[in-house]
Amino acid sequence: MFTCAVQLNFLWLFGYSPTRKDILMPTLNVASELYTADSVLIGRYFDEDRDPIPFDSISSDVINALIATEDIRFYKHHGVDFLGLASGIVSTLKGDQRGASTITQQLAKNLFKTRYSHSQGYLSKIPGLRILVTKYKEWMTAYKLESKYSKKEIITMYLNTVSFSNNAFGIKSASLRYFNKLPSQLNTNESALLVGMLKGTTIYNPIRNPKNALQRRNVVLSQMQKAGFLSSDEVAQLAQDSLKLDLGYHAKVDANDSYLRSAVYRWLDKWSQDNEIDINKAGLKIYTTIDSRMQKIAEEVVAKKMKELQRRLENTWSGTEPWRDKEGNVIPDFLENQARKLPIYQSLMQRFNNNEDSVFQELRKKKEMEVFTWDGMKKVNYSTMDSLKHYVMMLNTGMMAMNPYSGEIKVWVGGINHHFFKFDHVNQG
């Protein structure tokens, strides 16, 4: 009767529980990908950067590390491991790193957001009952998952759903983000590092906390030895190795911020609403008419020419103000009027009770910052007004090339740098 009451959310006491339909068709938010006409990936659209892969595309070292660390009896239970729960409590008291939840329970939590407020009922407001009801729902959901899916499918779904920090969701995104390789190519140490992150993606983040990540990786190696996946000699040798991160993939991720990607997104916005499809979650493959070779040449030519023109401008107007009227007179309050369009201006006006003198006094305070230049990012001691002047002085441009016979757009360069200048000079100018 209690189980039925929880399942039916009797009197809204228990909150939402996954239905049979949810179990049969669990929802994964999958990134959509943007390609050129010659099939070169040029951008991704996502809320969570996830690209699911099948079981046979994952290194066996990842599977072994996960089972050894998170659920040593994974192949011996049906979703809930009461023996493992008891031994997990004892192990925790002894200082062992192994948790008590099974992989299937963690999958239930990840897939159906069982700990979020929308899954909670009125009983969650009573201290102590919230976690008990939530755990019970996770047990029931884990049992349902085990009844529907094989162990391989469950472990694959789990590795495709977990977060690895730095906006990497799923083992493929994590593998590319930290080691610039596919999950099938991960070695033992790399696998142990990624699995070790699951205990705490912030504290064991190898970019922000490399020392903690190294220690946690070695703990996972020890767990793999206890489970019989590694020998003591292998662990001793592997533990001497450094993290050996390869963050080259970050450059590709940064390239995701482009005028072309944003222009396509604007075009797709109405289409996605008309078809009730969220392109950030639908896993679409979107093909443009862009020619990747022509696009690359165009971007290089624009950068080369604009760098030269910017140098000319600075040589001509250095120490003076170029914003002038037709008679050559400096336009009064030009920078101040630009500043009034900034979000920080509105925020400071609220903070200083609409006292504009105090606002501009704050905007003229110097501080350390980095600004974009054609010679790379430059560290400067600028005020907000100095920074605004620097960016207003930057020349900008737009470039588009079209096949006149078919109307296909082959090149799209909306400006000099989309990260710093969002205005698209092709279709917004």
Side-chain angles (χ1 to χ4, degrees), residues 28-35 40-71 74 103 106-107 110-111 152-210 212-221 223-224 229-230 238-239 241-256 281 283 285:
L28 281 182
N29 295 336
V30 182
S32 292
E33 296 178 332
L34 183 67
Y35 292 89
V40 175
L41 179 65
I42 52 174
R44 291 161 64 83
Y45 303 108
F46 54 81
D47 292 330
E48 298 176 349
D49 189 4
R50 178 184 286 113
D51 188 5
I53 54 173
F55 182 85
D56 56 10
S57 295
I58 304 172
S59 167
S60 59
D61 285 321
V62 174
I63 306 297
N64 294 341
L66 180 64
I67 290 173
T69 309
E70 298 294 328
D71 191 356
F74 176 67
I103 289 173
Q106 294 178 50
L107 174 62
N110 294 338
L111 273 181
K152 279 187 178 181
E153 290 173 322
I154 286 171
I155 209 166
T156 304
M157 280 195 287
Y158 176 81
L159 286 169
N160 280 327
T161 57
V162 285
S163 168
F164 290 90
S165 192
N166 291 101
N167 203 23
F169 292 83
I171 188 65
K172 182 177 179 181
S173 291
S175 180
L176 289 168
R177 192 64 49 89
Y178 296 109
F179 298 107
N180 203 18
K181 61 171 65 173
L182 294 172
S184 59
Q185 301 168 323
L186 292 170
N187 61 33
T188 305
N189 261 345
E190 293 162 348
S191 301
L193 175 69
L194 293 180
V195 169
M197 287 181 67
L198 299 177
K199 184 175 177 64
T201 54
T202 300
I203 193 172
Y204 298 117
N205 187 305
I207 299 174
R208 301 173 193 166
N209 299 301
N212 290 348
L214 184 64
Q215 292 174 345
R216 178 62 185 165
R217 182 204 68 185
N218 291 343
V219 168
V220 175
L221 292 175
Q223 293 297 115
M224 293 177 75
F229 295 123
L230 295 174
L238 289 168
D241 209 353
S242 62
L243 294 180
K244 292 185 177 178
L245 301 177
D246 182 355
L247 304 177
Y249 186 70
H250 275 287
K252 301 175 189 176
V253 174
D254 292 341
N256 196 45
K281 301 176 181 178
K285 307 294 183 187

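When a residue number appears, it is its place in the shown sequence, counting from 1. Since the model is a prediction, treat every value here as computed from it, not as a measurement. The figures that follow rest on heavy atoms only: side chains count, while hydrogens, waters and symmetry mates do not.
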**Q.** Closest approach of Arg217 to Ser242 (non-hydrogen atoms, all atoms of both residues)
**A.** NH1-O, 3.2 Å
(Q) How close do Pro183 and Ser175 get, counting heavy atoms only, and between which atoms? (A) N-OG, 3.4 Å
Q) Nearest 0.5 Å, what's the CD1-CD distance between Ile67 and Gln223? A) 13.0 Å
Q.
Looking at Tyr178 and Leu193, would you say the former's side chain and the latter's main chain have a donor-acceptor pair under 3.5 Å?
A. no
Q) Is the side chain of Arg208 donor-acceptor paired with the backbone N or O of Thr202 at a distance under 3.5 Å, no angle test? A) no
Q: Identify the heavy atoms of Gly283 and Ser32 that sit nearest to each other, and give their distance.
A: N-OG, 3.4 Å
Q: Apply side chain to side chain contact (heavy atoms under 4.5 Å, CB included) to the pair Leu198 and Thr69, showing each step before the final yes or no.
A: CA-CA 10 Å; Leu198 299 177; Thr69 309; over 6 Å; no
Q. Side-chain contact, heavy-atom cut-off 4.5 Å: Ile155 with Ile58?
A. no
**Q.** Which residues share a salt bridge (Lys or Arg N to Asp or Glu O under 4.0 Å) with Lys181, sequence neighbours left out
**A.** Glu190
Q: State, yes or no, whether a side-chain contact exists between Leu66 and Tyr158 at a heavy-atom distance under 4.5 Å.
A: yes
Q. Looking at Val220, Ile171, Asn189, Leu159, which one forms a side-chain contact (heavy atoms from CB on, under 4.5 Å) with Leu194?
A. Ile171
Q: Taking all heavy atoms of Ser191 and all of Val62, pick out the closest pair and write down the distance.
A: OG-CG2, 3.2 Å
Q. For Tyr45, what residues pass the ring-ring contact (aromatic ring centres under 6.0 Å, His included) criterion, not counting sequence neighbours?
A. Tyr265
(Q) A side-chain contact here means heavy atoms from C-beta on lying under 4.5 Å apart; do Phe169 and Val162 qualify? (A) no
Q.
Quick check against the 3.5 Å criterion: does Asn180 have a side-chain atom that pairs as donor or acceptor with the backbone of Asp246?
A. no
Q. For the atom pair CG (Asn209) and CE (Met197), what is the distance rounded to the nearest 0.5 Å?
A. 10.0 Å
Q: State the CZ-CG distance between Arg177 and Leu247, to the nearest 0.5 angstrom.
A: 10.0 Å
Q: Please report the closest heavy-atom contact between Leu41 and Glu33, naming both atoms and the distance.
A: CD1-CB, 3.6 Å
Q | Short side-chain to backbone donor-acceptor contact, Asn205 and Ala213, under 3.5 Å | A | no
(Q) Which residues pass the side chain to side chain donor-acceptor pair (under 3.5 Å) test with Lys281, not counting sequence neighbours? (A) none
Q) So, for Asp241 and Leu214, which heavy atoms are closest and what is the spacing to 0.1 Å? A) O-CD1, 3.8 Å
Q: Name all residues meeting the ring-ring contact (aromatic ring centres under 6.0 Å, His included) criterion together with Tyr35; count only those two or more places apart in sequence or in a different chain, and write none if there are none.
A: Tyr287
Q.
Using modelled atom types and a 3.5 Å cut-off, is there a donor and acceptor pairing between side-chain atoms of Arg216 and backbone atoms of Gly196?
A. yes
Q: Tell me, please, which residues at least two apart from Asp51 pass side chain to side chain donor-acceptor pair (under 3.5 Å).
A: Lys172
Q) With sequence neighbours left out, which residue pairs that include part of residues 53-67 fulfil the side chain to side chain donor-acceptor pair (under 3.5 Å) condition? A) Asp61-Thr188
Q: Mind checking the CZ-CG spacing from Phe179 to Leu243? Nearest 0.5 Å is all I need.
A: 7.0 Å
